[in-house]
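What follows is one structure encoded as structure tokens, with my remarks underneath.
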Amino acid sequence: MAEVLVYVDHAGGAVRKPTLELLTLARRIGEPVAVALGSGAENTAAALAEHGAVKVLTADAPEFADYLIVPKVDALQAAYEQVSPTAVLVPSSAEGKEIAARLAVRIGSGIITDAVDLEAGEAGPVATQSAFAASFTTKSRITKGTPVIAVKPNSAAVEAAPAAGTVEALTVSFSEKATGTKVVSRTPRESTGRPELTEAAIVVSGGRGVNGAESFAVIEALADSLGAAVGASRAAVDAGWYPHTNQVGQTGKSVSPQLYIASGISGAIQHRAGMQTSKTIVAINKDADAPIFDLVDYGVVGDLFDVVPQLTEEVNNRKG
């Protein structure tokens with residue numbers, strides 16, 4: 001069976017959920033070969049093997065931590081040349097998409113970004129995408145070279161499928177450009193205890209209707225009761241009510257959770273583009289004519305300051 005390269009997103013050896021989703025998708029089209037780079041790479045082997053990786057190629061060098069992007073592209077290219085895969089899959093994060101694009105240019109292949117599903121086809125893997133601000137769903141395949149596909153988080157359920165997970169060292173020769181952009185300092189992100197926005201199974205977002213930074217406590221309370229991430233519309237972010245890192249939309253982050261709750265958000269196309277692929281969408285808005293209601297699975301017409309606290313209380317009561 002043909003092998004599929006899967007780029008591993010991990011933190012010190014702890015494999016992030018989008019990579020496990022990639023392994024599930026990779027098994028549909030071949031045998032997953034994982035590529036883990038940097039500090040703790042060898043510690044990823046157990047989790048990767050549990051989810052279907054037949055081999056784990058690992059490499060560690062100061063370049064992966066001290067310089068941006070290019071050393072990882074060099075390593076992934078080395079893995080590509082060693083394995084000759086039928087496809088290369090990467091998580092569709094900001095970094096992942098840049099790695100994918102640079103690799104595609106180097107190997108002379110086509111690229112698909114922000115795929116939300118993947119299936120085997122007679123002429124190669126077929127990817128499903130949401131196009132034109134999520135107004136259309138398309139199916140595409142690469143017609144030149146080895147397909148390089150970046151897949152959005154939450155596109156597939158994580159499925160365990162134990163495999164050998166044989167660890168092999170990957171030999172990497174860094175290019176001259178690998179040390180062109182050096183990381184001179186790092187500031188750890190302040191932890192909120194909530195899931196990462198783009199990876200969360202549930203997202204609760206607030207918009208203009210929240211009417212102030214202090215009022216986002218209502219949104220946060222519901223999110224915490226559900227174990228969810230907190231999002232915000234562009235209007236709320238531009239007003240300074242919530243950090244830009246939490247913006248959901250065409251100019252913010254794109255999310256695709258199992259459940260998306262929009263509170264006080266009108267549903268402008270800019271916001272819809274970032275959340276329209278969510279599996280189930282619930283909207284709370286006192287304007288019965290708000291565009292968001294054209295999109296949702298369930299809608300509540302009412303003041304969010306009446307509805308959301310009651311919803312939070314009900315969730316907590318059921319948990320108790």
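Because the structure is predicted, anything quoted here is derived from the model rather than measured.
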Find out whether [X] and [Y] are in side-chain contact, i.e. whether some heavy atom of one side chain is under 4.5 Å from a heavy atom of the other.
X	Y	answer
Thr137	Gln129	no
Thr58	Leu170	no
Val203	Met275	no
Val33	Leu57	yes
Gln276	Leu295	yes
Leu197	Val255	yes
Val35	Val8	no
Asp9	Val15	no

Can any side-chain N or O of [X] pair as donor or acceptor with the backbone N or O of [Y] at less than 3.5 Å?
X	Y	value
Glu199	Pro195	no
Ser93	Gly96	yes
His51	Ala161	no
Thr192	Arg194	yes
Ser256	Thr277	yes
Asn154	Ala200	yes

Applying side chain to side chain donor-acceptor pair (under 3.5 Å), run through Asn246 and Lys253 and close with a yes or a no.
CA-CA 7 Å; Asn246 293 74; Lys253 292 182 177 178; over 6 Å; no
To the nearest 0.5 Å, how far apart are [atom1] in [X] and [atom2] in [Y]?
X	Y	atom1	atom2	answer
Glu159	Glu50	CD	CD	13.0 Å
Lys17	Leu22	NZ	CG	11.0 Å
Arg16	Thr198	CZ	OG1	9.5 Å
Thr24	Leu89	OG1	CG	11.0 Å
Arg208	Asp238	CZ	CG	9.0 Å
Asn285	Ser266	CG	OG	7.5 Å

Minimum heavy-atom separation for [X] to [Y], with atom names?
X	Y	value
Ala223	Ala229	CB-O, 4.1 Å
Val237	Ala232	CG2-CB, 3.9 Å
Pro71	Leu68	CD-O, 3.5 Å
Gly110	Ile142	C-CD1, 3.4 Å
Ala221	Thr312	O-CG2, 3.7 Å
Gly240	Ala213	O-CB, 4.4 Å

Taking a hydrophobic cluster as the set of Ile, Leu, Val, Met, Phe, Trp and Tyr residues connected by side-chain heavy atoms closer than 4.5 Å, whether directly or through intermediates, do [X] and [Y] fall within one such cluster?
X	Y	value
Val83	Val56	no
Leu5	Ile69	yes
Val116	Leu25	no
Val218	Val315	yes
Val151	Ile111	no

Residues [X] and [Y]: side-chain donor-acceptor under 3.5 angstrom:
X	Y	value
Thr181	Tyr67	no
Asp114	Ser92	yes
Tyr242	Glu220	yes
Thr251	Gln270	yes

For the [atom1] atom on [X], are there more than 12 heavy atoms of other groups (residues, nucleotides or ligands in this structure) within a distance under 6.0 Å?
X	atom1	result
Lys279	NZ	yes
Lys286	NZ	no
Glu31	CD	yes
Lys319	NZ	yes

Quick one, Val90 with Leu76, criterion side chain to side chain contact (heavy atoms under 4.5 Å, CB included). Give me CA distance, side-chain angles, the key distance, then yes/no.
CA-CA 10 Å; Val90 302; Leu76 198 55; 4.3 Å; yes
Ser140 pairs by side chain to side chain contact (heavy atoms under 4.5 Å, CB included) with which of Ile112, Ile149, Val126?
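One option only clears the test, and that one is Ile112.
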Testing Val296, Val301, Ile261, Val204 one by one against Ile284 for a side chain to side chain contact (heavy atoms under 4.5 Å, CB included), which residue passes?
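With Ile284 as partner, side chain to side chain contact (heavy atoms under 4.5 Å, CB included) holds for just one option, Ile261.
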List for me each residue that meets side chain to side chain donor-acceptor pair (under 3.5 Å) alongside Arg27, sequence neighbours excluded, and say none if there are none.
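Checked Arg27 against side chain to side chain donor-acceptor pair (under 3.5 Å); zero matches.
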Tell me, with the steps shown, if Tyr260 and Ser205 meet side chain to side chain donor-acceptor pair (under 3.5 Å).
CA-CA 8 Å; Tyr260 188 87; Ser205 287; 2.8 Å; yes
CA sep, side-chain torsions, deciding dist, call: Thr138, Thr128, side chain to side chain contact (heavy atoms under 4.5 Å, CB included)
CA-CA 6 Å; Thr138 66; Thr128 302; over 6 Å; no
May I ask you to decide whether Lys152 forms a salt bridge with Asp117, counting only side-chain N to carboxylate O separations under 4.0 Å?
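The answer is no: the pair does not qualify as a salt bridge.
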Using side chain to side chain contact (heavy atoms under 4.5 Å, CB included), reason through Arg102 and Val70 one step at a time and then give a plain yes or no.
CA-CA 8 Å; Arg102 287 174 177 266; Val70 178; 3.7 Å; yes
Please assess Asp60 against Leu37 for the test side chain to side chain contact (heavy atoms under 4.5 Å, CB included), listing each intermediate value before the final yes or no.
CA-CA 6 Å; Asp60 189 13; Leu37 308 174; over 6 Å; no
With sequence neighbours excluded, give me every side-chain hydrogen bond (donor to acceptor under 3.5 Å, both in side chains) pair touching residues 68-87.
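Found Lys72-Glu95, Asp74-Arg106, Asp74-Ser175, Gln77-Glu81, Gln77-Arg106, Tyr80-Thr146.
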Going through the distances and angles, do Glu119 and Lys139 end up as a salt bridge (charged side-chain N to carboxylate O under 4.0 Å, His left out)?
CA-CA 10 Å; Glu119 59 191 88; Lys139 287 185 179 291; 3.0 Å; yes
How about Phe174 and Phe64: are their ring centres within less than 6.0 Å of each other?
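Yes, they do, as the ring centres are separated by less than 6.0 Å.
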